Structures are given as structure tokens and as C-alpha cells.
Asks: 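Below are the C-alpha cells for one structure; questions will follow.
Only this structure's heavy atoms are used, side chains among them; waters, hydrogens and symmetry mates stay out. Not measured: the values here are computed from a predicted model.
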Amino acid sequence: MFVLVEMVDTVRIPPWNFHRQLNEAVSEELNKKLANKVVYNVGLCICLYDITKLEDSYIFPGDGASHTKVHFRYVVFHPFLDEILIGKIKYCSQEGVYVTMGFFDDILIPPESLQQPAKFDEAEQVWLWEYETDEGAHDLYMDQGEEIRFRVTDEVFVDTSPTGPAAAASDTAAQPGQSTGTICEPGLGLLSWWNS
């Protein structure tokens, strides 16, 4: 469920942090940059584990900050396929059962992956499993807040970065004062990471 990922990044330390120890300043900047963020095809970054190597720091002209290439290990939430996890039902809808693990809420169990036969109760807004026994069928409700176990069957990373203009628009020349480059860095997100 949690893995250590080796990463390399160049960390910018602003001049007002020069009085601090380099390790402390780098740790703080890395956690500001990565903690609670999803890195595409890596997972949800939790916290810095350790710094394995600090290279030389450089100060570039026009920028008073130091730039240090850092090799480090980060704790990342990235469960493997077929892993059994424990979570709580956040809410139910026609799309399926949404599950939370407390620190991660983007878990969806679609209707076709629920115990069958299952049906959605519109009045109660819950899914129920029609459990067959020798004495007949019993309805077992999947109530909000109930703890459940689920199996990871798929992971989906969705790149939510803005897309550029259409190909036809790229053929036209930029107007004066108009930028033709990328305005912002790509963002990342996760939707419906797992199905059970």
C-alpha cells in the first residue's frame, strides 16, 4: 500500500531561509511541493522519508535563491493490484459506492463489481446486496460510514492539466502581447482509482 520511491529534483531555497540548515530547508520545500499531491504514474505523495544525496548549490543571475539538486526517498500511497484494503463508505450513488480511507477519497466501486445480486435503493440512497440463505433472501445494506474491505482491480491516473489550443488555432500567428508558450505547469489528478 505504501512504497518508498526514489526521486531527484532541483530544490529552490529562497534567501530568507539561508539561516537554516540546508537539510531542514530542503525537507520543508520538498514537503511543500509534493505532500498530498498525486504524481502521475507514481501515486499519492505522503511525506519525505529521507534525503540520500545533496549536490552542490548554485545561485543563478537575477535570482537570489539557491538551487540544489537533491536525491531523496518519498513515502507514496500506491497499492498494488489485487491488494485488499480497508475503508469506509463515504456515500452511495447510481455510479456505485464511494469509499474513503481517511487520507484518500477517490475510490469508486462500480455496480458491476459489487457482490451480486445488488441493487440501488433510491429512497435510502444506498446499495444493498440480496444475500441468499436457506431461509430466504436478506437485504444487507451498504450504509454510509460502514467499514468495508475491497480489492484493488485497476488504477487510473487522469492527467487534468489544461490542453492547448486546437491544431487549427496553432497555425495562426500570435497577436502582439499574446503568449504562444505554456502558461502553467501541468497538474495531476486522480479519479475513480479503484474498483472492487
Asks: Determine the minimum heavy-atom distance between S93 and Y98, stating which atoms define it.
Replies: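 Where S93 meets Y98 most closely, the heavy atoms are OG-CE1, 3.4 Å.
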Asks: Please say yes or no: joined through hydrophobic side-chain contacts below 4.5 Å, possibly via intermediate residues, are F18 and V26 part of one cluster?
Replies: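 Yes, it is one cluster - the side chains of F18 and V26 are joined through contacts under 4.5 Å.
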Asks: For R20 and E28, what are the C-alpha separation, side-chain angles and deciding distance, and is it a side-chain contact (heavy atoms from CB on, under 4.5 Å)?
Replies: CA-CA 11 Å; R20 300 178 66 193; E28 182 180 324; 2.3 Å; yes
Asks: Roughly how far apart are E6 CD and K53 NZ, rounded to 0.5 Å?
Replies: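 Rounded to the nearest 0.5 Å, the CD-NZ separation comes to 12.5 Å.
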Asks: Any heavy-atom pair between the side chains of K69 and V8 that's under 4.5 Å?
Replies: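 They are in contact (side-chain heavy atoms under 4.5 Å apart), so the answer is yes.
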Asks: Quiz question: by atom type and distance under 3.5 Å, do the side chains of T68 and S57 form a donor-acceptor pair?
Replies: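 Present: a donor and an acceptor within the cut-off.
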Asks: Evaluate the ring planes of F72 and Y74, with Trp represented by its six-membered ring, and classify them as parallel (under 30°), tilted (30 to 60°) or perpendicular (over 60°).
Replies: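 Aromatic pair F72/Y74 classed perpendicular.
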Asks: Indicate if M101 and L81 have the same hydrophobic cluster label, given that clusters are the connected sets of ILVMFWY residues with side-chain heavy-atom separations under 4.5 angstrom.
Replies: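 They do share one cluster, since a chain of ILVMFWY contacts under 4.5 Å joins M101 to L81.
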Asks: To the nearest 0.5 Å, what is the distance between CZ on F2 and NE2 on H78?
Replies: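 The CZ atom of F2 sits 12.5 Å away from the NE2 atom of H78.
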Asks: Can you measure from OG1 (T153) to CD1 (I109) and round to the nearest 0.5 angstrom?
Replies: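 One finds 9.0 Å between OG1 of T153 and CD1 of I109.
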Asks: Determine whether M7 and H71 satisfy the following criterion, side-chain contact (heavy atoms from CB on, under 4.5 Å), listing intermediate values before the conclusion.
Replies: CA-CA 6 Å; M7 298 179 169; H71 300 255; over 6 Å; no
Asks: Is any side-chain heavy atom of V11 less than 4.5 Å from a side-chain heavy atom of H67?
Replies: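 No, side chains not in contact.
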Asks: Does the side-chain contact (heavy atoms from CB on, under 4.5 Å) test come out yes or no for L22 and L54, once each step is laid out?
Replies: CA-CA 9 Å; L22 184 59; L54 287 171; 3.9 Å; yes
Asks: Looking at every non-hydrogen atom in both residues, tell me the closest pair between I59 and S66 and how far apart they are.
Replies: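 In terms of heavy atoms, the two residues are closest at CG1-CA, 4.1 Å.
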Asks: Would you say V3 ends up clustered with I51 if hydrophobic residues are merged whenever their side chains have heavy atoms under 4.5 Å apart, either directly or through other cluster members?
Replies: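 Yes; V3 is reachable from I51 via cluster members.
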Asks: Can you confirm whether more than 12 heavy atoms, excluding those of K37, are under 6.0 Å from its NZ atom?
Replies: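 It does: K37 NZ has more than 12 such atoms within range.
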Asks: CZ/F150 to CD/E83 distance, rounded to the nearest 0.5 angstrom?
Replies: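 Reported to 0.5 Å precision, the distance equals 9.0 Å.
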Asks: What heavy-atom pair brings R73 and L48 nearest, and what distance separates the two atoms?
Replies: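 The pair with the smallest heavy-atom distance is O-CD1, 3.5 Å.
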Asks: Could you walk me through whether R12 and D63 pass the salt bridge (Lys or Arg N to Asp or Glu O under 4.0 Å) test, one step at a time?
Replies: CA-CA 10 Å; R12 181 182 184 274; D63 184 10; 2.8 Å; yes
Asks: Quick one, N36 and L44 - any side-chain contact, counting heavy atoms below 4.5 Å?
Replies: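 A side-chain contact exists here, since the closest heavy-atom pair is under 4.5 Å.
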Asks: Look at the side-chain heavy atoms of Ile, Leu, Val, Met, Phe, Trp and Tyr, link any pair under 4.5 Å apart, and say whether V38 and L4 land in one connected group.
Replies: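 In one cluster: yes.
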Asks: Taking all atoms of both residues into account, what is the closest heavy-atom pair of G64 and P15, and its distance?
Replies: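 Where G64 meets P15 most closely, the heavy atoms are O-CG, 3.6 Å.
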Asks: At their closest point, which heavy atom of V70 faces which heavy atom of L30, and how far apart are they?
Replies: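 Heavy-atom minimum between the residues: CG1-CD1, 4.2 Å.
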Asks: Looking at T100 and G102, what are the two nearest heavy atoms and their distance?
Replies: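 Distance-wise, the nearest heavy atoms are OG1-N, 3.0 Å.
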Asks: Measure the spacing between CD1 of I89 and CD of E146 and express it to the nearest 0.5 Å.
Replies: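 Answer rounded to 0.5 Å: 6.5 Å.
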Asks: In the structure I gave you, are the side-chain heavy atoms of R151 and D82 within less than 4.5 Å of one another anywhere?
Replies: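 Contact flag for R151/D82 side chains = yes.
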Asks: Hey, is K33 close enough to E29 for a salt bridge, meaning N to O under 4.0 Å?
Replies: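 Salt bridge: no.
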Asks: Can you confirm whether V97 sits close enough to L108 that some side-chain heavy atom of one is under 4.5 Å from a side-chain heavy atom of the other?
Replies: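 Heavy-atom side-chain distance check fails, nothing below 4.5 Å.
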Asks: Quick one: do V152 and L85 satisfy side-chain contact (heavy atoms from CB on, under 4.5 Å)? Show the steps, please.
Replies: CA-CA 8 Å; V152 178; L85 299 175; 3.8 Å; yes
